[in-house]
Amino acid sequence: MSVSMTGSGEIATPVESSKSAMTWGPIFGGAAAAIGVTLILLLLGSGVGLTMVSPWSGQSSSLGTVGVTAAIWLVVVQWLSSGLGGYITGRLRTKWAAVHTDEVFFRDTAHGFISWALATIFVAGFLASSLTSLAGAGAQAVGSAATAAGAAAASTASTADLPTAYFTDALLRPEQARAGATSDDTAATAEVSRILLNGAAAGQIPDDDKAYLATIVTVRTGLSEADARTRVDTVLKRIEDAKVAAQKAADEARKAASTTALLGALSLLIGAFIAAAAAAFGGSQRDEEEDLLVTPRI
């Protein structure tokens with residue numbers, strides 16, 4: 001604390017307030033209001049969003065549309081809840097007497113920002129807890145599916161891994177493929193599966209594998225070599241189309257997630273600004289009404 005002396009020899013001491021510049025009551029009140037509005041709007045958005053998704057083909061919106069719509073709704077939720085929470089924070093605080101207007105403005109904006117931060121942390125924790133529960137349920141389901149898939153794979157494949165089994169088949173492939181294809185139905189089916197899986201992993205199926213597949217199809221179905229080759233090419237084309245469709249869906253999901261993340265970050269920044277501005281506006285309205293204390297003259 002600095003002490004100065006006036007020209008008449010008097011000592012001037014700065015006046016320090018005994019009260020803190022931060023008022024937690026309005027901050028918690030505004031945060032509670034923002035949290036309540038956020039949860040209500042999130043539930044409303046979830047209900048509306050479920051109408052955009054359908055298990056029936058052709059009756060559901062695209063993944064990109066759903067992602068963009070969800071991101072826009074999150075922006076609206078952030079802005080509305082931040083504005084209301086900040087305004088309530090500014091209106092509920094008591095008037096600071098003998099404080100400069102610039103300082104009052106700063107305190108109001110700080111109160112609004114802190115209220116927004118508390119509400120955002122709570123909502124983020126709530127959503128993280130919900131997503132963790134959903135992820136746990138999904139992991140359990142995936143574990144069950146993996147167990148079933150492992151049992152099915154064990155019944156159709158050898159104990160060796162896929163690449164080793166595929167190259168073993170290539171080494172032991174008989175010179176007369178037609179004779180080898182008729183020797184064992186189960187072994188031929190498993191070998192065809194390994195060829196297709198290896199081709200999917202490598203991105204393409206070699207010409208000698210295609211010829212071998214056509215030979216097996218000819219033996220199994222009685223088709224001519226040309227028709228068998230056509231059937232093999234058709235099936236491989238379907239596999240490639242399915243692969244392209246999966247890649248396209250993954251790319252759309254990536255773009256939707258990126259858009260949602262960017263819009264979410266932007267909405268948080270704007271939400272913080274709105275909360276601070278609303279708190280300053282609410283505080284200015286609160287200070288417009290002045291209560292005057294009238295004392296009689298002695």
> Just by distance, do the side chain of Thr89 and the backbone of His111 share a donor-acceptor pair under 3.5 Å?
Replying inline: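 Checked: no pair found.
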>> Using a 3.5 Å distance criterion without hydrogens, assess whether the side chain of Ser81 forms a donor-acceptor pair with backbone atoms of Thr38.
In response: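 Judged by distance alone, no pair lies under 3.5 Å.
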> Taking it one step at a time, do Ile27 and Phe113 satisfy side chain to side chain contact (heavy atoms under 4.5 Å, CB included)?
Replying inline: CA-CA 9 Å; Ile27 292 176; Phe113 177 79; over 6 Å; no
>> For a 4.5 angstrom cut-off between non-hydrogen side-chain atoms, does Thr120 reach Leu268?
In response: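 Contact flag for Thr120/Leu268 side chains = yes.
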> With a 4.5 Å heavy-atom cut-off, do Leu84 and Leu80 have their side chains touching?
Replying inline: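 No, their side chains stay 4.5 Å or more apart.
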> Could you walk me through whether Leu43 and Leu39 pass the side chain to side chain contact (heavy atoms under 4.5 Å, CB included) check?
Replying inline: CA-CA 6 Å; Leu43 289 177; Leu39 295 180; 5.5 Å; no
>> Is it the case that atom CH2 in Trp79 sees more than 12 heavy atoms from other parts of the structure closer than 6.0 Å?
In response: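 No - once you tally the heavy atoms of other residues, nucleotides and ligands closer than 6.0 Å, there are 12 at most.
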> Take atom CZ in Arg91; do more than 12 heavy atoms of anything else shown fall under 6.0 Å from it?
Replying inline: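 Yes - once you tally the heavy atoms of other residues, nucleotides and ligands closer than 6.0 Å, there are more than 12.
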Any idea which heavy atoms bring [X] and [Y] closest together, and the distance?
{"X": "Ala119", "Y": "Ala31", "answer": "CB-O, 3.8 Å"}
{"X": "Gly271", "Y": "Ser82", "answer": "O-CB, 3.2 Å"}
{"X": "Gly112", "Y": "Ala279", "answer": "CA-CB, 3.5 Å"}
{"X": "Asp108", "Y": "Ala280", "answer": "CB-CA, 3.7 Å"}
{"X": "Gly85", "Y": "Ala34", "answer": "CA-CB, 4.2 Å"}
{"X": "Trp24", "Y": "Leu118", "answer": "CZ3-CD1, 4.3 Å"}

> Just by distance, with hydrogens left out, do Trp116 and Gln78 show a side-chain donor and acceptor under 3.5 Å apart?
Replying inline: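 A donor-acceptor contact under 3.5 Å links the two side chains.
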>> Suppose we screen for salt bridge (charged side-chain N to carboxylate O under 4.0 Å, His left out). Which residues come up paired with Asp251, at least two apart in sequence or across chains?
In response: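 Once residues adjacent in sequence are excluded, the partners of Asp251 under the salt bridge (charged side-chain N to carboxylate O under 4.0 Å, His left out) criterion are Arg254, Lys255.
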> Can you check side chain to side chain contact (heavy atoms under 4.5 Å, CB included) on Arg93 and Val104, steps first, answer last?
Replying inline: CA-CA 11 Å; Arg93 60 96 175 158; Val104 171; 3.5 Å; yes
> Between Glu103 and Arg107, is the closest basic N to carboxylate O distance under 4.0 Å?
Replying inline: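 Yes.
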Tell me whether [X] shares a hydrophobic cluster with [Y], the cluster being built from Ile, Leu, Val, Met, Phe, Trp, Tyr side chains joined at under 4.5 Å.
{"X": "Phe273", "Y": "Leu269", "answer": "no"}
{"X": "Val123", "Y": "Ile40", "answer": "no"}
{"X": "Ile274", "Y": "Phe281", "answer": "no"}
{"X": "Tyr87", "Y": "Phe28", "answer": "no"}

> Pick from Leu41, Leu44, Ile72: which one makes a side-chain contact (heavy atoms from CB on, under 4.5 Å) with Val77?
Replying inline: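 The option that passes is Leu41.
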> Out of curiosity, Arg238 CZ to Asp233 CG, how far, rounded to the nearest 0.5 Å?
Replying inline: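 Taking CZ in Arg238 and CG in Asp233, the distance rounds to 12.0 Å.
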>> Checking Thr230 against Asp227 for the side chain to side chain donor-acceptor pair (under 3.5 Å) test, could you report, in this order, the C-alpha distance in whole Å, the side-chain angles of both residues, the deciding distance, and whether it holds?
In response: CA-CA 5 Å; Thr230 301; Asp227 292 339; 5.1 Å; no
